[in-house]
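These notes are about the structure you will find just below.
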Amino acid sequence: MQRWSKLFIPTLREAPADAEVASHRFLVRSGYIRQLGAGIYSYLFLGQRALNKIIGIVREEMDQIGQEFFLPALNPREVWEQSGRWTGMGDNMFRLKDRKGADLCLGMTHEEIMTSIARNELRSYKQLPQIWYQIQTKFRDEPRPKSGLLRVRQFTMKDSYSFDIDKAGLDKSFDLHDAVYRKIFSRCGLKFVAVEADSGSMGGSQSQEFMVYTDAGEDLIASCPVCGYAANLEKGTSLLEPVVEMEPTGDGTPELVHTPGCGAIADVAEFFKISPASDIKCVAYMAMKRGAAGKPDTWHGVAAFLRGDHQVNETKLLGAVGGADLRTMQAEELAQYFNGPAGFLGPVGLKPNAKPLEDGLTVVVDTSLEGRKNLVAGANQLDYHLHNVTPGRDFTWTLAADIRSVNEGENCPQPGCAGKLVVGKAVEIGHIFKLGYKYSEAMGARVLDVNGKEITPIMGSYGIGIERILTAAIEQSNDKNGFWLPASIAPFTVVVSVTNIADAALAEAGKKLAEELEAAGLDVLLDDRDERAGVKFKDADLVGIPYRINVGKKAADGLVELVTRATSSSVDVALGAVVALVKERVAEDALLTSVGA
RNA sequence: CGGGGAGUGGCUCAGCCUGGUAGAGCACCUGGUUCGGGACCAGGGGGUCGGAGGUUCAAAUCCUCUCUCCCCGACCA
């Protein structure tokens with residue numbers, strides 16, 4: 001029996017000044033966590049208890065499809081060199097030296113370690129498929145830790161890896177994870193969406209993220225309320241309405257126009273009496289290409305052209321040109337590549353290179369510009385624009401690609417769907433994707449197939465952020481007094497608040513009730529502190545426990561109060577019936593959350 | 001890394017501009033009164049004012065350097 005009076009639950013009346021998002025404020029106020037450094041937190045009793053509940057669910061579900069390992073967080077340099085990520089991970093990796101001066105790092109993820117085990121141990125197709133997972137602390141030297149447990153430098157991740165003989169096997173492993181993830185997040189009571197995503201630096205093909213909508217999130221998700229299409233903005237597309245308006249239909253030839261001071265899209269549109277959609281925007285970047293083994297990285301000029309009313313999506317652009325990093329051009333570089341100043345850059349007269357990120361300038365044109373005619377563009381000289389510019393005729397490009405970000409209100413890209421996209425902020429709680437052969441190839445994992453021929457296993461990689469489940473749950477269920485968690489992940493299911501512990505009869509009734517609840521298999525916290533009732537109620541409301549039973553003055557009549565935190569509603573229940581009622585409520589909750597999204 | 005902000009008792013902050021006794025509320029300890037929505041009274045403990053250097057008779061306060069934390073932009077669970 002857990003008695004509040006004996007526990008360390010340091011609740012705070014006021015939130016620390018530096019806590020911005022709700023989950024951060026409440027996690028600290030409720031005594032779940034304390035900060036040790038930037039992006040480094042201690043998990044106290046209640047916090048650890050909630051996380052353990054989450055881990056329990058994750059483990060239970062993962063055991064249906066995979067096997068749990070526990071891998072070292074301390075990794076020797078060699079393993080990471082074999083995959084090329086010792087350098088590839090850059091500054092996000094914590095590195096250290098041992099007493100002999102040998103390089104080590106703290107694991108950010110465990111593709112390398114898992115693959116090295118596979119390479120050393122797997123010999124035959126008969127041993128495949130395999131799904132191995134672990135629940136482990138990961139370390140990432142984030143450039144900017146923030147928002148409490150949302151973005152930290154040390155966190156707990158469930159990561160799993162699949163090894164299959166062929167693509168069909170990988171599809172199956174991927175689908176298994178998809179199904180299990182949905183179950184896990186549902187059981188944790190989260191309202192989540194699965195979205196198409198960019199696979200990023202990990203490499204790979206199909207990639208799906210599990211997101212929870214919240215303003216505290218850092219990702220933007222485009223979704224269609226009609227057909228259910230949902231994608232990360234880094235990946236999402238939309239159908240555009242054709243631009244009709246003032247665009248001339250004739251075949252004008254490019255003409256130089258004096259446009260003094262019109263360095264911004266809005267100025268240009270105003271000057272030419274056109275909509276921004278008919279002005280060609282140019283964003284000039286330097287893109288970094290990873291050097292081959294032992295070779296240094298190189299930087300190359302990239303000019304991105306798109307509609308004036310669109311924004312460049314740098315993730316898409318980077319993917320289109322095959323670069324590893326992106327930054328905007330400096331003035332000298334603009335002069336070098338465009339011979340013109342910012343604000344007046346344009347595509348006419350540029351000499352695009354044949355292949356991206358080679359010598360010369362890589363010109364990337366957004367697909368929305370293809371087929372357009374008589375547009376306005378910068379002339380690459382101060383205070384001059386060209387009009388009657390027609391892509392394809394007046395300028396060419398290295399490649400055309402979708403490099404823009406979808407905007408709210410654009411048309412859903414699904415065939416036949418008439419929905420309009422909405423864009424919302426979300427936090428990523430899980431990610432599954434098909435790695436392909438990247439690691440098995442690089443690290444030399446091989447097995448023999450039926451014909452005795454060597455094949456390389458194909459891999460998938462699947463992550464869940466444990467703390468983020470907690471954070472997302474709090475973000476999604478809080479009010480000014482605190483938060484409430486689903487019974488499945490709450491540190492306690494029910495708190496018994498004895499309003500006046502000095503009253504021996506009440507104290508005894510509360511204790512007995514708590515024992516009965518415990519005997520019924522519920523996680524009970526008995527608030528037996530010598531505090532005023534108000535203090536106990538406030539604390540109970542704060543700390544995320546979904547149900548509270550007040551043992552107070554009505555106890556003399558054999559009644560207690562059952563309070564549901566989520567709704568703040570309370571009912572008087574006979575002392576003898578309350579255990580069954582709580583069990584029933586919890587069972588109903590579990591039913592609701594198991595249906596899933 | 002770029003830009004903005006903050007470091008004063010456990011928490012929230014005042015004091016700094018205009019140098020001179022380090023303060024308030026909450027929390028904590030003791031006693032008393034209270035006892036269903038963060039009680040009240042009385043007494044009490046606790047602070048190298050982030051650190052280093054400098055100016056000055058005198059520095060929380062002025063100057064220089066530095067460390068840490070938070071927020072906004074590029075990364076990811």
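Order of the sequence lines fixes the chain letters, A, B, ..., with proteins taken first and strands second; residue numbering starts at 1 for each chain. From a predicted model like this one, the values you see are computed outputs, not experimental measurements. All values below come from the heavy atoms of this structure, side chains included, with hydrogens, waters and symmetry mates left out.
- Using a 4.0 Å cutoff on non-hydrogen atoms, no part of residues 49-68 of chain A comes near RNA chain B.
- By the side-chain contact (heavy atoms from CB on, under 4.5 Å) test, Lys553(A) pairs with no residue at all, sequence neighbours left out.
- For A24(B), the paired base is U12(B) (Watson-Crick or G-U wobble, both distances below 3.5 Å).
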What string of B, S and - do you get for nucleotides 28-35 of chain B 5' to 3' if you count protein non-hydrogen atoms under 4.0 Å? ------BS

Identify every side-chain donor-acceptor pair in residues 10-22 of chain A under 3.5 Å, counting partners at least two apart or on other chains, and give the distances.
| from | atom 1 | to | atom 2 | distance (Å) |
| --- | --- | --- | --- | --- |
| Thr11(A) | OG1 | Asp539(A) | OD1 | 3.0 |

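- With A77(B), A27(B), C69(B) as the choices, the nucleotide that has an atom nearest any side-chain atom of Glu428(A) turns out to be A77(B).
- Not counting sequence neighbours, the partners of Phe210(A) by the ring-ring contact (aromatic ring centres under 6.0 Å, His included) test are Tyr181(A), Phe185(A).
- Atom pair Arg29(A):CZ and A27(B):P shows a separation of 13 Å (rounding to whole Å applied).
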How does protein reach along nucleotides 5-16 of chain B, written 5' to 3' as B (base within reach of a heavy atom under 4.0 Å), S (only sugar-phosphate), or - (no contact)? ------SSS---

Side chain to side chain donor-acceptor pair (under 3.5 Å) between Tyr41(A) and Gln154(A), worked out: CA-CA 8 Å; Tyr41(A) 287 88; Gln154(A) 170 175 344; over 6 Å; no

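- Between Glu142(A) atom CD and C1(B) atom P the separation is 16 Å, expressed in whole Å.
- Taking atom P on both nucleotides, C49(B) is separated from G4(B) by 28 Å, rounded to a whole Å.
- For Phe537(A) and G36(B), the ring-to-base geometry does not satisfy the stacking test (centroid distance below 5.5 Å, interplanar angle below 30°).
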